[in-house]
**Q** 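Okay, handing you the structure first.
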Amino acid sequence: MEHGVGPPIEVHTGSVFDQRIWQTAGGSKSYRFYLQSLVAISSGYVTLEATYIDSWSSDTLWTEKTVTATAAISARSGNTDWSQYIEVGGITTAVASALRLRLRVRIGSATSTDYLYVDPKVLVS
């Protein structure tokens with residue numbers, strides 16, 4: 001998306017991916033994705049959301065919780081520079097279930113040379 005001179009008229013939000021990962025119950029875990037960008041991206045424009053079951057009573061009575069993280073991404077130094085990442089942590093699922101991970105990017109303006117690369121392999125720790 002390209003805009004003319006001046007501030008962008010609107011900000012667009014889109015999901016880069018929406019992934020589900022099977023997670024066992026108990027134990028706090030963190031989920032990390034490595035990124036690289038051709039341009040610096042301010043904090044708040046790239047977010048990672050994790051939605052999971054945080055309490056369970058029965059098949060018909062449970063609650064979900066969503067945790068969101070954001071990170072400022074520096075422009076990469078080269079195509080092998082995977083030092084930038086975004087991570088959500090402190091996630092403890094109440095029961096074994098599918099954890100939903102969603103990476104979102106908010107774009108106010110961009111040019112045809114502005115790229116954000118995402119390694120789709122999640123690091124779980």
Side-chain angles (χ1 to χ4, degrees):
M1 161 179 53
E2 217 170 315
H3 292 285
V5 178
I9 296 170
E10 56 187 315
V11 173
H12 298 279
T13 301
S15 291
V16 174
F17 65 80
D18 192 343
Q19 186 173 7
R20 294 184 191 274
I21 298 173
W22 186 258
Q23 199 56 60
T24 57
S28 180
K29 294 184 177 60
S30 296
Y31 302 86
R32 177 184 290 186
F33 287 94
Y34 285 92
L35 314 165
Q36 57 173 248
S37 177
L38 296 181
V39 296
I41 302 173
S42 300
S43 182
Y45 284 92
V46 177
T47 60
L48 179 60
E49 298 173 357
T51 303
Y52 61 97
I53 296 173
D54 69 331
S55 72
W56 177 274
S57 295
S58 69
D59 288 344
T60 58
L61 186 59
W62 74 89
T63 60
E64 289 184 336
K65 184 175 184 177
T66 299
V67 177
T68 303
T70 187
I73 308 300
S74 301
R76 71 181 188 183
S77 61
N79 61 0
T80 60
D81 178 11
W82 287 97
S83 60
Q84 302 293 305
Y85 62 87
I86 189 165
E87 178 179 71
V88 289
I91 296 172
T92 304
T93 57
V95 294
S97 59
L99 170 86
R100 181 179 188 177
L101 294 169
R102 181 182 299 144
L103 184 70
R104 294 180 182 252
V105 178
R106 295 180 64 225
I107 301 171
S109 64
T111 67
S112 61
T113 59
D114 295 344
Y115 289 97
L116 174 68
Y117 300 97
V118 179
D119 182 345
K121 184 178 180 182
V122 63
L123 175 67
V124 181
S125 58

**Q** Other members of the hydrophobic cluster containing Trp22, with the 4.5 Å side-chain heavy-atom rule, please.
**A** none
**Q** Any donor-acceptor pair under 3.5 Å linking the side chain of Gln84 with the backbone of Ser74?
**A** yes
**Q** Nearest 0.5 Å, what's the CG-CH2 distance between Asp54 and Trp62?
**A** 12.5 Å
**Q** If the condition is salt bridge (Lys or Arg N to Asp or Glu O under 4.0 Å), which residues does Glu87 pass it with, not counting sequence neighbours?
**A** Arg32
**Q** Check Ala96 against Ala25 and note the closest heavy-atom contact, atom names and distance.
**A** N-CB, 3.6 Å
**Q** Look at the side chain of Glu49 and the backbone N and O of Thr68, then say whether any donor-acceptor pair between them is shorter than 3.5 Å.
**A** no
**Q** Going only through I, L, V, M, F, W and Y residues with side-chain contacts under 4.5 Å, is there a path from Val88 to Val124?
**A** yes
**Q** If you apply the rule side chain to side chain contact (heavy atoms under 4.5 Å, CB included), what do you find for Thr24 with Thr93, and how did you get there?
**A** CA-CA 7 Å; Thr24 57; Thr93 57; over 6 Å; no
**Q** Quick one: CG on Leu99 to CD on Glu64, what's the gap to the nearest 0.5 Å?
**A** 10.0 Å
**Q** Do Thr63 and Ser55 have side-chain N/O donor and acceptor atoms under 3.5 Å apart?
**A** yes
**Q** Rounded to the nearest 0.5 Å, what separation is found between the CD1 atom of Ile21 and the OG atom of Ser97?
**A** 11.5 Å
**Q** Look up atom OH in Tyr34 and atom OH in Tyr85, then write down how far apart they are to the nearest 0.5 Å.
**A** 7.0 Å
**Q** Which atom pair, heavy atoms only, marks the closest approach of Tyr52 to Gly90?
**A** OH-O, 4.4 Å
**Q** Main chain of Ser83, side chain of Asp81: is a donor-acceptor contact present, judged purely on distance under 3.5 Å?
**A** yes
**Q** Going through the checks in order, is the side chain to side chain contact (heavy atoms under 4.5 Å, CB included) test met by Arg76 and Tyr117?
**A** CA-CA 10 Å; Arg76 71 181 188 183; Tyr117 300 97; 3.5 Å; yes
**Q** Within this structure, what is the CD-CZ distance for the pair Gln19 and Arg100, rounded to the nearest 0.5 Å?
**A** 11.5 Å
**Q** For the OH atom of Tyr31 and the CG atom of Leu48, what is their distance to the nearest 0.5 Å?
**A** 11.0 Å
**Q** With clusters defined by side-chain heavy atoms of hydrophobic residues (ILVMFWY) lying less than 4.5 Å apart, directly or transitively, does Leu101 cluster with Ile53?
**A** no
**Q** Given 3.5 Å as the limit, does a donor-acceptor pair link the side chain of Ser37 with the main chain of Ala75, or not?
**A** no
**Q** Taking a hydrophobic cluster as the set of Ile, Leu, Val, Met, Phe, Trp and Tyr residues connected by side-chain heavy atoms closer than 4.5 Å, whether directly or through intermediates, do Ile91 and Val95 fall within one such cluster?
**A** no
**Q** Please determine whether side chain to side chain contact (heavy atoms under 4.5 Å, CB included) holds for the pair Val39 and Tyr115, giving the CA-CA distance in whole Å, both sets of side-chain angles, and the decisive distance to 0.1 Å.
**A** CA-CA 7 Å; Val39 296; Tyr115 289 97; over 6 Å; no
**Q** Pair Leu103, Phe33 - check side chain to side chain contact (heavy atoms under 4.5 Å, CB included), show working.
**A** CA-CA 9 Å; Leu103 184 70; Phe33 287 94; 5.5 Å; no
**Q** Please report the shortest heavy-atom distance between Ala71 and Ile86, naming the atom on each side.
**A** N-CD1, 4.0 Å
**Q** Under 3.5 Å, is there a donor on one side chain and an acceptor on the other for Thr51 and Thr66?
**A** yes
**Q** Is there a side-chain contact between Ile41 and Leu116 (heavy atoms, below 4.5 Å)?
**A** yes
